[in-house]
Amino acid sequence: MTIPQLLLCLSLSMLCISSKPTEKKDRVHHDPQLSDKVHDDAQNFDYDHDAFLGADEAKTFDQLTPEESKERLGKIVSKIDEDKDGFVTVEELKDWIKFAQKRWIYEDVERQWKGHDLNEDGLISWEEYKNATYGYILDKIDTDKDGFVTEGELKAWIKKAQKKYVYDSVERQWQEFDMNQDGFISWDEYRNVTYGTYLADPGRPPLLFSFPDDPDPDDGFNYKQMMVRDERRFKMADKDGDLTATKEEFTAFLHPEEYDYMKDIVVQETMEDIDKNGDGFIDLEEYIGDMYSHDGDADEPEWVKTEREQFVEFRDKNRDGKMDKEETKDWILPSDYDHAEAEARHLVYESDQNKDGKLTKEEIVEKYDLFVGSQATDFGEALVRHDEF
């Protein structure tokens with residue numbers, strides 16, 4: 001999420017602070033299903049195509065001829081074979097499937113990389129990230145420089161962002177009118193530039209600017225605390241401790257739930273969000289309060305009652321009435337069934353002609369229709385659907 005989007009969300013949350021959530025908040029990080037299609041190879045290989053390529057990429061193969069599909073598949077196999085020994089193992093195939101399924105994460109990192117690698121050296125230092133994230137926009141929003149972003153300041157910034165074209169127009173014209181470059185525009189300067197040339201436009205109206213007054217700063221959002229939290233996460237992602245992130249480290253910073261060595265920080269941040277009394281634990285009321293606001297209602301929805309039971313029966317494993325770090329980790333980062341590994345084993349089993357437990361490029365291309373689609377497989381499935389009809 002970009003900073004403007006984040007700040008917009010913050011403003012909406014401030015304005016709607018008393019409203020009751022309509023949906024249950026889910027803090028649990030699940031691995032998504034590899035495909036929303038049924039896994040039935042007797043009917044088609046659509047599930048396998050989605051799993052191997054990702055759903056969006058799989059669709060592009062359906063438009064290719066079998067020869068084109070095989071050619072592109074061969075190039076992909078070369079990427080999967082990480083150690084370049086001429087074989088694709090179950091582990092390499094599993095890693096590829098996980099990459100294909102989480103391609104959006106890497107695309108997100110690519111989008112954000114350019115905005116944070118300010119000196120374009122191929123690395124992102126903490127100073128670069130801090131300056132790009134907090135030093136530019138948030139300093140502008142925090143107009144009184146008290147370290148807090150109030151609702152009034154946020155509202156003023158959003159209005160300014162929505163009218164950016166006005167300010168851009170002023171910027172473009174400013175250089176033209178401020179003839180002596182003293183940072184001011186006198187009437188004489190404006191008159192001479194506007195009426196003293198052939199570009200005169202007497203109908204152009206003047207621009208007036210005003211911003212709302214700041215409310216009580218006690219209602220503000222302390223972005224300095226937010227920056228401290230980001231710095232802690234940045235340092236955790238930075239494996240070599242040089243305060244400079246490689247692309248891989250920056251990915252771990254933006255998406256910590258995807259990296260084993262970052263999972264402790266995910267748990268810590270979650271506990272800090274929910275632990276309102278600061279005792280280092282999450283009790284039952286804090287657990288429920290993170291999901292649901294009573295807002296004066298005596299009756300709780302049925303799902304809230306279920307969550308209370310879940311806390312007592314399953315979350316609080318040692319029955320001490322609260323969740324510690326390990327219990328919280330088991331809750332938000334469960335050890336799910338590894339769909340990628342299961343699919344990798346399935347693909348190897350179906351394609352491994354000599355049963356040596358690994359695949360050659362030739363074995364994969366030979367069974368290309370299991371891995372990727374083509375016009376032929378798409379047409380064949382259409383015939384099956386027609387016959388069924």
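Reckoned from all heavy atoms, side chains included, excluding hydrogens, waters and symmetry mates.
In this structure, T270 OG1 and I282 CD1 are separated by 7.5 Å, a value rounded to the nearest 0.5 Å. Here the straight-line distance linking atom CD of E249 with atom CE of M262 works out to 10.0 Å at 0.5 Å rounding. Rounded to the nearest 0.5 Å, atoms CD (E307) and CG (D290) are 10.5 Å apart. In this structure, R111 CZ and Y106 OH are separated by 14.5 Å, a value rounded to the nearest 0.5 Å. Between K37 atom NZ and Y47 atom OH the span is 11.0 Å, to the nearest 0.5 Å. How far CG of D48 is from NZ of K367: 9.5 Å, rounded to the nearest 0.5 Å.
The local environment of CZ in R72 is crowded, with over 12 non-hydrogen atoms from other residues, nucleotides or ligands closer than 6.0 Å. No more than 12 heavy atoms of other residues, nucleotides or ligands shown are found within 6.0 angstrom of NZ on K325. By the 6.0 Å contact criterion, NZ on K355 is enclosed, its count of non-hydrogen atoms from other residues, nucleotides or ligands being greater than 12. Atom NZ of K84 is surrounded by more than 12 heavy atoms from other residues, nucleotides or ligands within 6.0 Å. Other residues, nucleotides and ligands place no more than 12 heavy atoms under 6.0 Å from the CD atom of E366.
The two residues L370 and H49 come nearest to each other via the heavy atoms O-CD2, 3.4 Å. When all heavy atoms of L359 and L347 are compared, the pair lying nearest together is CD1-O, 4.3 Å. Shortest non-hydrogen contact noted between D50 and A58 is OD1-CB, 3.6 Å. M323 and R315 get closest at one heavy-atom pair: SD-CB, 3.5 Å. Shortest non-hydrogen contact noted between F250 and A245 is N-CB, 4.0 Å. The minimum heavy-atom distance linking D275 with G278 is given by the pair OD1-N, 3.1 Å.
In this model, a donor atom of one side chain and an acceptor atom of the other lie less than 3.5 Å apart for D108 and H255.
In this structure, F87 is not a member of the same hydrophobic cluster as I80, with clusters built from ILVMFWY side-chain heavy atoms closer than 4.5 Å. Side-chain heavy atoms closer than 4.5 Å link hydrophobic residues (I, L, V, M, F, W, Y) into clusters, and following such links, possibly through other members, connects I274 to V267. Residues Y261 and V266 fall within the same hydrophobic cluster, defined by Ile, Leu, Val, Met, Phe, Trp and Tyr side chains chained together at heavy-atom separations under 4.5 Å. Linking Ile, Leu, Val, Met, Phe, Trp and Tyr residues whenever their side-chain heavy atoms come within less than 4.5 Å leaves I97 and V365 in two separate clusters. Under the 4.5 Å side-chain heavy-atom criterion for Ile, Leu, Val, Met, Phe, Trp and Tyr, L243 and I124 are members of the same hydrophobic cluster.
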### Chi angles and distances behind the side chain to side chain contact (heavy atoms under 4.5 Å, CB included) call for F234, K130
CA-CA 10 Å; F234 192 96; K130 181 177 66 175; over 6 Å; no
### Chi angles and distances behind the side chain to side chain contact (heavy atoms under 4.5 Å, CB included) call for T89, D83
CA-CA 10 Å; T89 65; D83 59 10; 5.7 Å; no
### Task
Please lay out, stage by stage, how E327 and K322 fare under the test salt bridge (charged side-chain N to carboxylate O under 4.0 Å, His left out).
CA-CA 9 Å; E327 289 168 330; K322 54 194 176 184; over 6 Å; no
### Message
Between E91 and K94, is the salt bridge (charged side-chain N to carboxylate O under 4.0 Å, His left out) condition met? List the steps.
### Response
CA-CA 5 Å; E91 193 66 24; K94 181 182 74 173; 3.3 Å; yes
### Query
Stepwise, does the side chain to side chain contact (heavy atoms under 4.5 Å, CB included) test hold for D330 with F314?
CA-CA 10 Å; D330 289 342; F314 302 106; over 6 Å; no
### Task
Determine, step by step, whether R232 and V228 satisfy the side chain to side chain contact (heavy atoms under 4.5 Å, CB included) criterion, reporting the C-alpha distance in whole Å, the side-chain angles of both residues, the deciding distance to 0.1 Å, and the verdict.
CA-CA 6 Å; R232 181 181 63 193; V228 168; 5.8 Å; no
### Query
When you look at R345 and E341, which way does the salt bridge (charged side-chain N to carboxylate O under 4.0 Å, His left out) test go after all the steps?
CA-CA 6 Å; R345 292 187 181 280; E341 181 173 359; 3.1 Å; yes
### Task
Show your reasoning for whether salt bridge (charged side-chain N to carboxylate O under 4.0 Å, His left out) applies to E326 and K329.
CA-CA 5 Å; E326 286 305 312; K329 185 175 184 179; 5.3 Å; no
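Salt-bridge check for K247 with E110: passed, with a basic side-chain N closer than 4.0 Å to an acidic carboxylate O. Taking a cutoff of 4.0 Å between a charged side-chain nitrogen and a carboxylate oxygen, D273 and R229 qualify as a salt bridge. Remark: E300 engages R308 in a salt bridge, criterion side-chain N to carboxylate O under 4.0 Å. Taking 4.0 Å as the cut-off between side-chain N and carboxylate O, K70 and E67 do not count as a salt-bridged pair.
The only option from E258, E257, E107 that meets the salt bridge (Lys or Arg N to Asp or Glu O under 4.0 Å) definition with K102 turns out to be E258. Results of the side-chain contact (heavy atoms from CB on, under 4.5 Å) test with W126 over D242, D230, D238 single out D230 as the only residue that passes.
Without hydrogens or angle criteria, E128 side chain to N119 main chain gives a donor-acceptor distance under 3.5 Å. The closest donor-acceptor contact from the side chain of D117 to the backbone of D121 lies under 3.5 Å. Without hydrogens or angle criteria, S69 side chain to G373 main chain gives a donor-acceptor distance under 3.5 Å. For T306 (side chain) and E302 (main-chain N/O), a donor-acceptor pair under 3.5 Å exists by modelled atom type. Of the possible donor and acceptor atoms, none in the side chain of Q101 sits under 3.5 Å from a partner among the backbone N and O of K98. Looking only at distances, no side-chain donor or acceptor of D95 sits under 3.5 Å from a matching main-chain atom of F99.
Between E363 and D352 there is a side-chain heavy-atom pair separated by less than 4.5 Å. Between I288 and F311, the closest side-chain pair of non-hydrogen atoms is not below 4.5 Å. In this structure, I364 and I76 have side chains that are not in contact, with every pair of non-hydrogen atoms separated by 4.5 Å or more.
Between F371 and F52, the two ring planes are perpendicular [angle over 60°; tilted spans 30° to 60°]. The aromatic rings of H346 and H39 lie perpendicular to each other, with more than 60° between the two planes, well past the 30° mark.
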